[in-house]
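Data first, discussion second: the structure below is written as structure tokens.
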There are 2 protein chains.
Amino acid sequence: MPHRALQIACSRCSLRELCMPVDISAADMERLDTLVTTRRRVKRGKPLYSRGDRFSALYAIRSGFFKTRVTASDGREQVTGFQMAGEIMGLDGIVSDEHTCDALALEDAEVCEMPYDRIESLSREVPALQTHVHKIMSREIVRDHGVMLLLGSMRAEERVASFLMNLLQRLHVRGFSEAELVLRMTREEIGSYLGLTLETVSRTFSRFADEGLIEVKHRQVRILDGAGLQTIVDSAGSRR
Amino acid sequence: MPHRALQIACSRCSLRELCMPVDISAADMERLDTLVTTRRRVKRGKPLYSRGDRFSALYAIRSGFFKTRVTASDGREQVTGFQMAGEIMGLDGIVSDEHTCDALALEDAEVCEMPYDRIESLSREVPALQTHVHKIMSREIVRDHGVMLLLGSMRAEERVASFLMNLLQRLHVRGFSEAELVLRMTREEIGSYLGLTLETVSRTFSRFADEGLIEVKHRQVRILDGAGLQTIVDSAGSRR
DNA sequence: CGTCACGTTGACTAATTTCAATAACGGTGG
DNA sequence: CCACCGTTATTGAAATTAGTCAACGTGACG
């Protein structure tokens, strides 16, 4: 057995419960270990894949941080999400056999490549994997609906607070502090994701700081009043 | 063989190419005919499913028009899409075994119910169906990204033009005119979907009419200058 | 230690919302 | 069949949010 196969066994990966089905027999787990064929390193600023690239695999993030963005025919861009360890990327490519968005590393990253044809064939043999793949795609759809709600009905303050709370919650699941985070993206990228300009994002951070909700120092954010932020997210004082 | 089984055979359905995989053997097609167990009628204004309902099936629209909407904890709503004949609904429910949005009929409608456990088991036996299901989910994700682009980076005029062109294109595929359409939803529902108020939607329609791009009479819309509308959609004069 | 990308802040502008009044339609029941 | 009522749509004027333009800091990194 080649050494690398051991290295990339999902069964021994600490992120397993984020990427893989949980209730699964030892025998099935062994089969799933053949899903990831390669690890790939992506340097900060470099694409994992780009729009138009042939689709061939899904990727599980092992370390690092990504953004995905779509581009309109006229060139304007929209960040569609920020992805972190344990999350799956590439689902957009299945429908047309080519990727429809760009995935860019916001810091040096490593991903596990899972060839799509292997996912399909293994899914037929391991029902737990089949269900799992469906759930991952469904989760992405539900997440997207949440972003639509944010973009379609929240004001700037609510969007920014929502963004922070979302990051915080996802980082917390991964064992990080609930009270502190380091932003891996620029104000412009946050703005694109939230449908705001970078100035509005910056001003909103400053206002939150003035109000004693957070402490911001560049990309270092400390949460002083999480409940207060949550109140802003849930504030019924919306416009539409 | 019960009469109803004949009635609801996908193999004889005129919408087959919209819902079902195309390149498929006669034997496989016969198996797929067992996917749809029941037809269900939904009266205008009534839900096909609601948030919190147990998830058990996907639905293919046979006739009629739906909207889906999500609701925030504070009660504000966001329309996440409008669905028409041949489109699949219910994917949001897979991840958590319960629906996360409401699906409401905008006119009397009929849907084909496909029990999810049957989809899963048949998918394992018919790879073309497996791939098809994945593509449907991926298409939904790509569609959602398009909506994010619209909500995050387009101005009101662009959103409304984009909305009209999208409806037109989908209706055209279904054999309707490219120059005329009947809106099945209110200005408020359009506004919710586009992240605008109903007044802004109304005003934008009026402006398009003033400019000779369309003719609007309540929910009857005639396209006078499709190219002009497309120019607005693609206009690079965006803000963000 | 300088340069450049990133971030902050201010003043002004423009787009969209909000509030309000009116009009038109469609379904319902007399 | 027609009148009525509630819902839906239009339009105007005022208010507000967020965007734009511009200047200035500041930190990271070579």
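None of the values given here were measured: they were computed from a predicted structure. Residue numbers begin at 1 in each chain, while the letters A, B, ... track the order of the sequences.
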Quiz item: How far does OG of B/Ser153 sit from CZ of B/Arg159, to the nearest 0.5 angstrom?
Solution: 8.0 Å
Tell me the interatomic distance from [X], atom [atom1], to [N], atom [atom2], rounded to whole angstroms.
X	N	atom1	atom2	answer
A/Met154	C/dT17	CE	P	16 Å
B/Phe208	D/dT10	CZ	P	13 Å
B/Gln220	D/dT8	CD	P	18 Å
B/Leu106	D/dT8	CG	C1'	14 Å
B/Leu151	C/dT16	CG	C1'	15 Å

Enumerate, atom names and distances included, each donor-acceptor pair closer than 3.5 Å involving a side-chain atom of residues 171-183 of chain B, sequence neighbours excluded.
unit_1, atom_1, unit_2, atom_2, d
B/His172, ND1, B/Phe176, O, 3.3
B/Arg174, NE, B/Ala85, O, 2.6
B/Arg174, NH1, B/Arg170, O, 2.8
B/Arg174, NH2, B/Ala85, O, 2.9
B/Ser177, OG, B/Ala179, N, 2.8
B/Ser177, OG, B/Glu180, N, 3.3
B/Glu180, OE2, B/Arg222, NH2, 3.4

Quiz item: How would you list, by chain and number, every residue that makes a side chain to side chain contact (heavy atoms under 4.5 Å, CB included) with B/Thr68, sequence neighbours excluded?
Solution: B/Tyr49, B/Thr80, B/Gln83, B/Met89, B/Cys101, B/Ala103
Self-check item: Results of side chain to side chain contact (heavy atoms under 4.5 Å, CB included) for A/Ser206 - residues two or more places apart only
Solution: none
Quiz item: Would the number of heavy atoms belonging to other residues, nucleotides or ligands and lying under 6.0 Å from CZ of B/Arg44 be above 12?
Solution: no
Quiz item: Just how large is the angle between the end axes of the helix from C/dC1-D/dG30 to C/dG30-D/dC1, five pairs per end, to 10 degrees?
Solution: 50°
Quiz prompt | Polar side-chain atom of B/Glu77 near backbone of B/Val70 as donor-acceptor pair, under 3.5 Å | solution = no
Practice problem: Consider the side chain of B/Thr197, meaning its heavy atoms from C-beta on, and name the nucleotide among C/dT18, C/dT16, D/dA18 that approaches it most closely. | Solution: C/dT18
Practice problem: Return each pair, listed once, that meets ring-ring contact (aromatic ring centres under 6.0 Å, His included) where at least one residue sits in residues 208-228 of chain B; pairs must be two or more places apart or across chains. | Solution: none
Quiz prompt | Lys/Arg N to Asp/Glu carboxylate O, B/Arg76 vs A/Glu158, below 4.0 Å | solution = yes
Exercise. Report, as a single string ordered 5' to 3', how protein heavy atoms within less than 4.0 Å touch nucleotides 4-12 of chain C: B base, S sugar-phosphate only, - not at all.
Key: --SSBBBB-
